[in-house]
Visitor: 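Here it is: the structure, laid out below.
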Amino acid sequence: MKKEFNIIANLINKNSKVLDVGCGDGELMKYINDNISKDIRGLEISKKNVQKCIEKGLTVIEGNAEKDLKQFPNQSFDYVILSQTLQAFLDPEGVIHQLLRIGKKSIVTIPNFGHWKVRLHLLLKGTMPVTKNLPNEWYNTPNLHMCTIKDFVNFCDQRKIKLFSSLSLRNEKVSSINKKNLIFQNLISELGIFLIEN
């Protein structure tokens, strides 16, 4: 299991009501279902992935998060998870608004475009980097909005979104992000993991 999934699961209280937005093949959902809470649902745009989730015995709705999150009632989940998908939306701000509306808390993870390898690749080679967390070329990437850890922290500050927990992941090592180490974490971290609330 991905280290990221383990961190996400540790942020969720036992027996909570959880929605995994863009749940993919259901790997994270399955882990949460088996270890944290049976009350978990997924929302996934890919028919193929929905089928994989159903084969695992998971409850998944086929849908587009940008359109279909609006149908969920206010505060209908304890936690709403969005794992490495924010950068692929046309309107990431609108999606965050929906997450915070339907979840009492939201967990958002982002690949860090501010990582030093990404910066160095762009500086030396002059081309968009391809890394473990950003595996696609510029022309076939699903990523529409390049976001760094610092960008996301600033976004939350400007909108008065509470950051309950800000964590970074680098080489399977987890670190806490705070105001004092933000510039450093933005440079060395491959992934940002945030627990947020309105």
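None of the values given here were measured: they were computed from a predicted structure.
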Visitor: Taking Lys17's backbone N and O only, do any of them form a donor-acceptor pair with Asp78's side chain (distance below 3.5 Å, no angle check)?
Guide: yes

Visitor: Identify the two heavy atoms, one from Trp116 and one from Ile188, that lie closest to each other, and give their separation to 0.1 Å.
Guide: CD1-CA, 4.2 Å

Visitor: To the nearest 0.5 Å, how far apart are CD in Glu27 and CD1 in Ile32?
Guide: 11.0 Å

Visitor: To the nearest 0.5 Å, what is the distance between CD1 on Ile40 and CG on Asn33?
Guide: 7.0 Å

Visitor: Taking only residues two or more places apart in sequence or in another chain, which ones pass salt bridge (Lys or Arg N to Asp or Glu O under 4.0 Å) with Arg41?
Guide: Asp39

Visitor: Run the numbers on Gln158 and Asn154 for side-chain contact (heavy atoms from CB on, under 4.5 Å), then give the verdict.
Guide: CA-CA 6 Å; Gln158 288 159 7; Asn154 290 342; 4.2 Å; yes

Visitor: Between Ile107 and Ile12, is there a side-chain heavy-atom distance shorter than 4.5 Å?
Guide: yes

Visitor: Decide yes or no for Lys70 and Gln98: does some side-chain heavy atom of the first lie under 4.5 Å from some side-chain heavy atom of the second?
Guide: yes

Visitor: Do Leu195 and Ile96 share a hydrophobic cluster (ILVMFWY, side-chain heavy atoms under 4.5 Å, transitive)?
Guide: no

Visitor: Are Ile149 and Phe194 packed together at the side-chain level, in the sense that at least one heavy-atom pair is separated by less than 4.5 angstrom?
Guide: yes

Visitor: So, Gln84 versus Glu4: side-chain donor-acceptor pair below 3.5 Å or not?
Guide: yes

Visitor: Side-chain contact, heavy-atom cut-off 4.5 Å: Leu28 with Asp20?
Guide: yes

Visitor: Are Leu122 and Leu120 packed together at the side-chain level, in the sense that at least one heavy-atom pair is separated by less than 4.5 angstrom?
Guide: no

Visitor: Report yes or no: does Asn35 contribute a side-chain atom to a donor-acceptor pair with the main-chain N or O of Tyr31 at less than 3.5 Å?
Guide: yes

Visitor: Taking the six-membered ring of Phe164, is the NZ or CZ of Lys105 close enough (under 6.0 Å from the centre) and on axis enough (within 45°)?
Guide: yes

Visitor: Should Phe5 and Leu86 be regarded as members of a common hydrophobic cluster, given that ILVMFWY residues are connected when their side-chain heavy atoms come within less than 4.5 Å of each other, either directly or indirectly?
Guide: no

Visitor: Assess whether side-chain contact (heavy atoms from CB on, under 4.5 Å) is satisfied between Leu82 and Thr109, documenting all intermediate values.
Guide: CA-CA 6 Å; Leu82 188 71; Thr109 75; over 6 Å; no

Visitor: Quick check against the 3.5 Å criterion: does Arg170 have a side-chain atom that pairs as donor or acceptor with the backbone of Leu191?
Guide: no

Visitor: More than 12 foreign heavy atoms under 6.0 Å from CZ of Phe155: is that the case here?
Guide: yes

Visitor: Surrounding CD1 of Ile183 (heavy atoms of other residues, nucleotides or ligands, distance under 6.0 Å), is the total greater than 12?
Guide: no

Visitor: Answer yes if the side chains of Asn13 and Ser16 hold a donor-acceptor pair under 3.5 Å, and no otherwise.
Guide: no

Visitor: With rounding to the nearest 0.5 angstrom, report the NZ to OG distance, Lys179 to Ser166.
Guide: 8.5 Å

Visitor: Does Gly94 offer a backbone N or O that forms a donor-acceptor pair with the side chain of Asp91 under 3.5 Å?
Guide: yes

Visitor: Among the clusters formed by ILVMFWY side chains lying less than 4.5 Å apart, do Leu163 and Val80 turn up in the same one?
Guide: yes

Visitor: Say you draw a straight line from OG1 of Thr148 to CG of Asn112; how long is it, rounded to the nearest 0.5 Å?
Guide: 6.0 Å

Visitor: Between Lys38 and Asp34 (side chain of the first, backbone of the second, donor and acceptor by atom type, cut-off under 3.5 Å), is there such a pair?
Guide: no

Visitor: Does some side-chain heavy atom of Leu187 sit less than 4.5 Å from a side-chain heavy atom of His115?
Guide: no

Visitor: Any side-chain hydrogen bond (donor to acceptor under 3.5 Å, both in side chains) pairs touching residues 182-198, not counting sequence neighbours?
Guide: Ser168-Gln185, Ser168-Ser189, Gln185-Ser189

Visitor: Examine distances only and state if a side-chain atom of Ser76 and a backbone atom of Asn74 form a donor-acceptor pair shorter than 3.5 Å.
Guide: no

Visitor: For the atom pair NE2 (His121) and CG (Leu123), what is the distance rounded to the nearest 0.5 Å?
Guide: 11.0 Å

Visitor: Quick check: does any side chain N or O of Asp68 sit under 3.5 Å from a backbone N or O of Ala65, one acting as donor and the other as acceptor?
Guide: no

Visitor: Kindly give the heavy-atom pair with the smallest separation between Cys53 and Val60, and that separation in Å.
Guide: CB-CG2, 3.2 Å

Visitor: Which atom names give the shortest non-hydrogen contact between Thr85 and Gly22, and what distance separates them?
Guide: OG1-O, 4.3 Å

Visitor: So do the side chains of Asn49 and Cys23 get within less than 4.5 Å of each other, counting heavy atoms only?
Guide: no

Visitor: Distance-only, no hydrogens or angles: does the Asn171 side chain make a donor-acceptor pair with backbone N or O of Lys173 under 3.5 Å?
Guide: no

Visitor: According to a 4.5 Å side-chain heavy-atom criterion applied to Ile, Leu, Val, Met, Phe, Trp and Tyr, with indirect links allowed, do Val21 and Leu100 form part of one hydrophobic cluster?
Guide: yes

Visitor: Run the side-chain contact (heavy atoms from CB on, under 4.5 Å) check on Asp151 and Phe113 step by step: do they pass?
Guide: CA-CA 10 Å; Asp151 284 327; Phe113 287 90; over 6 Å; no

Visitor: CD1 of Ile36 to CE of Met29: how many Å apart, nearest 0.5 Å?
Guide: 14.0 Å

Visitor: Taking Glu44 for its side chain and Val50 for its backbone only, find out whether a donor-acceptor pair lies under 3.5 Å.
Guide: no

Visitor: Could you walk me through whether Phe72 and Leu19 pass side-chain contact (heavy atoms from CB on, under 4.5 Å), step by step?
Guide: CA-CA 10 Å; Phe72 290 93; Leu19 175 67; 4.2 Å; yes

Visitor: Determine which pairs satisfy side-chain hydrogen bond (donor to acceptor under 3.5 Å, both in side chains) with at least one residue from residues 55-64, sequence neighbours left out, and list them in order.
Guide: Lys47-Glu62

Visitor: Take atom NZ in Lys150; do more than 12 heavy atoms of anything else shown fall under 6.0 Å from it?
Guide: no

Visitor: Please answer: with hydrophobic residues joined when any side-chain heavy atoms are less than 4.5 Å apart, are Tyr79 and Val108 in the same cluster?
Guide: no

Visitor: Considering non-hydrogen atoms only, spot the tightest contact between Val18 and Phe77 and give its length.
Guide: C-CD2, 3.6 Å

Visitor: Please check this pair: side chain of Asn181 against backbone of Ser176, looking for a donor-acceptor N/O pair closer than 3.5 Å.
Guide: yes

Visitor: Is there a side-chain contact between Pro92 and Gln87 (heavy atoms, below 4.5 Å)?
Guide: no

